[in-house]
Structure formats: C-alpha cells, structure tokens
Amino acid sequence: MAGKPKLHYTKGRGKMESIRWLLAAAGVEFEEQFIETKEDLEKLRNDGVLLFQQVPMVEIDGMRMVQTRAILSYIAAKYNLYGKDLKERAWIDMYVEGTTDLMGMIMVLPFQPADTKEKNLALIIERATTRYFPVYEKALKDHGQDYLVGNKLSWADIHLLEAILMTEECKPDILSAFPLLQAFKGRMSNIPTIKKFLQPGSQRKPPTDEKFVAVVRKIFNF
Amino acid sequence: MSGKPRLTYLNGRGRMEPVRWLLAAAGVEFEEVFLQTKEQYEKLIKDGLLLFQQVPLVEIDGMKMVQTRAILSYIAGKYNLYGKDLKERALIDMYVEGISDLMQMILMFPFSPPDAKEKNLDSIKEKAINRYFPVFEKVLKQHGQDFLVGNKFSWADVQLIEAILAVEEKIPAVLSGFPQLQAFKTKMSNMPTIKKFLQPGSPRKPPPDDHYVETVLKVFKK
C-alpha cells in the first residue's frame, strides 16, 4: 500500500517547488498538506515528524523525508532521472547545484528590503547571463544532444527548465543570447508530464507576492 | 600523473574541509593547490577550469569537479560510504544535509561583523544543542550501533565527527548532555584513517583566523 507521496509545506513555491517539479515531470501524483498558520507548523513540530524541525517534509515510501536535496536525490534515483552511473550522477549533481544557487537567489528576493532588492535583482540577471546559463548553453552545444547528461532526460534537465522559467519571470528576454537554451525550453515544455504541469490547475505554485511574503513571515516568525 | 585527486582551494578549511575529511577517512591520498592571490584565482577562471567560476575544485577521475555537495556525493559513492541501497542513501543524505546547515553557520562565523559575533555564537550553540545533536544522539541510542546508518561506516559518520569537533572548538562542553555522541566521538577518533587525519602534519586545516579571513577577502572580493 504505497500511497502517493505527501508534501508538507506552505501554499507557495519556496524550497518545495523543485520537488513538485520533479515529481510532476516523473509523472508521479502527489498530495499536499498546506501549512497556513504558525500553529500548523507548531503542530508538525510537536508531533515529532520533522527531523530538524523544518519543512519541506515529504512522506514517501514509509519515510518522513526532510532536507530538500535529500528528497530530490531520492526521487531522482527512484524514477531513473539520475543518470546511468556514478560519473553521470556527478555531472547531474554539478549542474543541479548550479541551478540551485541561481534559484536560491531568486527565492529570497521577495523577502528583501526595497533597496537591496533592486541590487540583488541586477546580480541575479548578471549571474544568470554570465555564470550559469553559458554553462548549460555550452553543454548542449558541445554534445548536440537534447538533454544535458547521457542523452537522456534527467533531474538536471527538469531543474534547468524550472530555473529558466523562474529567471524569465525576473527578466522576460533573459534567454536572448542563448539559442540552444531557447530550443531546450521549447522541447522540455512539450514533454507530456511537464506540459501538464505548466497548465493552469496543476500543483505548480505562482510566484511569491507581497501578500504571501507576510503570510510566510508570520508562519516562520522572521 | 599521480592519479591522486587534486584539491584547489585556499589554505584553510572553508568549503573544502569536508572533502579533505571524507577523502582522508576513506584512506585516499590527495594533493592540494593553494590559492593565495586574486591573480591565481582569475587565472583558473580564464583557463576555463571552474565550471561556475568558483572553488572548491577537485580534479578526480578525469573530471574537474566543482560544487561541494556534488564532490562529496561522488567520493562517498566511489568509496562505498553511501549505504547499501536507496533508502540508506536517503538517510545519509538527510543527516549530512542537517549537519551541513550547522557547519554553514560555523563557516560564516569568522565573517560576521564584530557586533554580531556574540549573537551568532549563541545561535550556533542553540542550534547544536537543541536541533542537531539531539537527533544524532537519539539515532545512536535507538539502534545501539556504532555507526549512524546501516551498521556500517558512512559519509554521515564522517560529517558528524567533523561537526562535533568544529562545534567543540567554539563551545568546549557542548557534548555534556550527549553521552552517545561522546562515545561516538571517541570511536570515530580512533578509527585508523581518522586518527591519522587528526594528528599534526595531516592535511587537516586549523580553525580560521584573521589571516585566513583576510586571504578570503583578498582573493574573492571584486
């Protein structure tokens, strides 16, 4: 009686969004329990179900998994999105760590004061166009294949698509100098499971607005 | 062409120290290249050696690996320190990620402004004693085994002993409420490869001092 994975988080993107993406891309249906108040979080903590008192938490295969990277690695391996051997896994890990760093910058942006926000937005755009996207553009150019690693869809591709779309929300023409990433974006968006996730009504969450920032601050007390 | 992994970083702990620990614990000899000037760092970037223009860099098995977690996962996988199956790997990943969060606080500590240092030290102490150490104390108590996962030495054990020693440097009596961790510390410290690493003259780096902080700012500040 495996049951669907159950995700515990707020009703926003945050650190859980990459997990939603990966499960959706793998064609895995999942349930969500939303933390809407400080009391909801306290209850989870008091019930002893959060190993380090933090979310994300994902109930999957009899485990209560925490720590985003641990959860993502488990899902990737389980659904064959982690390459065929240790070296392919190494490349997938390197690529994913890069997109994690980029998305991490975007994730915290709504929580910053107005004066640093503008500066950090400029930094995000600079990093995206000079540090991160050139790497993935080159990887695709060098091997000429559709996917980043091993000529097969992997976690790295899904994470990159998520990062591209998130960065485009910051600057719509961010891919203007990256033709292969544009083509990659087109191809990936048409993969049936991903296409479904990109449609309205899916479990994909919207960008974090000011109103939601206030909700999150209240729940996590910062 | 020695075949040994080659580590490129500053001559200090920083983000490379867990890599030194893991290689040493696995009994793997390695070489080190130390960055001392901005020019050396810029040359690495110009020569295209740093995928995301960052160190740590570990040259291993024909790859130029970057991103600490990717490097550590590869080493753990290669040297059988990653559990026997997906579920053990999930546990190891969760434990390592939790410890990493604690180590991140210690990593950033020398760079805190003077007026924030006391507050940050209190935060490290609070998190170690209330959030992280109780988890591992409980794990060891519940299964009564010597190692955290699967009754076998793994990356999680190496990461935990590193963290215990790092926190003790700042808070000497931190293990006073944790008898299992005290026993764990003794056992780990006596494992031959780790014992060797803990002796003077090993590649283990000393705690960060003012000179280290200066070097970091000199090499990396734009």
Side-chain angles (χ1 to χ4, degrees), chain A residues 15 45 48 50-54 56-58 60-80 82-83 85-102 123 126-128 130-136 138-139 142 148-149 155-156, chain B residues 15 45 48 50-54 56-80 82-83 85-102 104 126-128 130-136 138-139 149 155-156 222:
Chain A
K15 288 185 184 285
R45 285 173 170 162
L50 304 178
L51 189 66
F52 300 114
Q53 317 309 322
Q54 296 164 314
M57 190 269 274
V58 173
I60 185 168
D61 297 338
M63 296 181 288
R64 288 191 181 101
M65 286 201 73
V66 297
Q67 293 291 344
T68 313
R69 264 183 201 81
I71 296 165
L72 288 165
S73 289
Y74 180 77
I75 295 166
K78 181 177 179 182
Y79 295 102
N80 294 309
Y82 219 162
D85 57 28
L86 212 55
K87 280 205 172 177
E88 284 194 355
R89 214 169 90 196
W91 278 103
I92 291 167
D93 279 341
M94 281 191 272
Y95 289 147
V96 159
E97 289 295 304
T99 37
T100 298
D101 284 350
L102 177 58
L123 185 61
E126 193 214 320
R127 287 274 153 85
T130 62
R131 177 173 288 191
Y132 296 108
F133 289 165
V135 168
Y136 304 100
K138 180 174 192 280
D142 283 351
L148 285 170
V149 178
W155 172 22
Chain B
R15 294 188 182 284
I45 294 174
L50 305 179
L51 188 66
F52 299 113
Q53 298 150 29
Q54 297 164 312
L57 166 68
V58 174
E59 294 168 83
I60 184 168
D61 297 338
M63 295 182 289
K64 292 181 175 67
M65 287 201 74
V66 297
Q67 294 290 348
T68 314
R69 267 182 199 80
I71 294 164
L72 290 166
S73 289
Y74 180 77
I75 295 167
K78 181 175 179 181
Y79 294 102
N80 293 310
Y82 221 161
D85 58 28
L86 215 53
K87 282 207 173 176
E88 284 195 354
R89 214 169 89 195
L91 273 178
I92 291 168
D93 278 341
M94 279 192 272
Y95 295 159
V96 158
E97 287 294 305
I99 297 164
S100 245
D101 284 349
L102 178 60
Q104 175 75 4
E126 198 258 319
K127 288 269 146 63
N130 295 324
R131 177 172 287 190
Y132 296 107
F133 288 171
V135 169
F136 304 107
K138 183 177 176 197
V139 166
V149 178
W155 173 19
K222 284 210 152 161

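Both backbone and side-chain heavy atoms feed into the values below; hydrogens, waters and symmetry mates do not. So you know, we letter chains A, B, ... as the sequences are listed, proteins then strands, and number each from 1.
For the set B:Gln53, B:Lys78, B:Arg69, the count of heavy-atom pairs under 4.5 angstrom toward chain A peaks at B:Arg69. Ranking A:Val66, A:Ile71, A:Thr130 against chain B, the residue ahead of the rest is A:Val66, based on heavy-atom pairs under 4.5 Å. Ranked by heavy-atom pairs under 4.5 Å with chain A, the first of B:Gln54, B:Gln67, B:Lys127, B:Lys138 is B:Gln67.
To the nearest 0.5 Å, atom CZ of residue B:Phe136 and atom CG of residue A:Leu51 are 7.0 Å apart. For the atom pair A:Thr68 OG1 and B:Asp93 CG, the distance stands at 12.0 Å (nearest 0.5 Å).
At least one donor-acceptor pair closer than 3.5 Å links the side chain of A:Lys87 to the backbone N or O of B:Asp61. Formation of a donor-acceptor pair under 3.5 Å by the A:Glu97 side chain with backbone atoms of B:Val66 is not found in this model.
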### Task
Assess whether side-chain contact (heavy atoms from CB on, under 4.5 Å) is satisfied between A:Tyr74 and B:Leu86, documenting all intermediate values.
CA-CA 7 Å; A:Tyr74 180 77; B:Leu86 215 53; 3.8 Å; yes
### Message
Show, in sequence, the C-alpha distance, side-chain angles and deciding distance for A:Asp93 and B:Tyr74, and conclude whether the side-chain contact (heavy atoms from CB on, under 4.5 Å) test is met.
### Response
CA-CA 9 Å; A:Asp93 279 341; B:Tyr74 180 77; over 6 Å; no
#### Entry: From CA spacing to verdict: side-chain contact (heavy atoms from CB on, under 4.5 Å), B:Asp101, A:Phe52
CA-CA 10 Å; B:Asp101 284 349; A:Phe52 300 114; over 6 Å; no
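Using a 4.5 Å cut-off between heavy atoms, B:Met63 contacts chain A through its side chain alone, with no backbone atom that close. With a 4.5 angstrom heavy-atom cutoff, A:Lys138 does not touch chain B via any of its atoms. Of the two parts of A:Arg89, only the side chain, counted from C-beta on, holds a non-hydrogen atom closer than 4.5 Å to a non-hydrogen atom of chain B. In this structure, chain B has heavy atoms under 4.5 Å from both the backbone and the side chain of A:Met65. Within the 4.5 angstrom heavy-atom criterion, atoms from both the backbone and the side chain of B:Arg131 approach chain A.
Taking each heavy atom of A:Ser73 and B:Arg89 in turn, the nearest pair found is O-NH2, 4.3 Å. Contact between A:Ala90 and B:Ala70 at its shortest, heavy atoms only, is O-CB, 4.3 Å.
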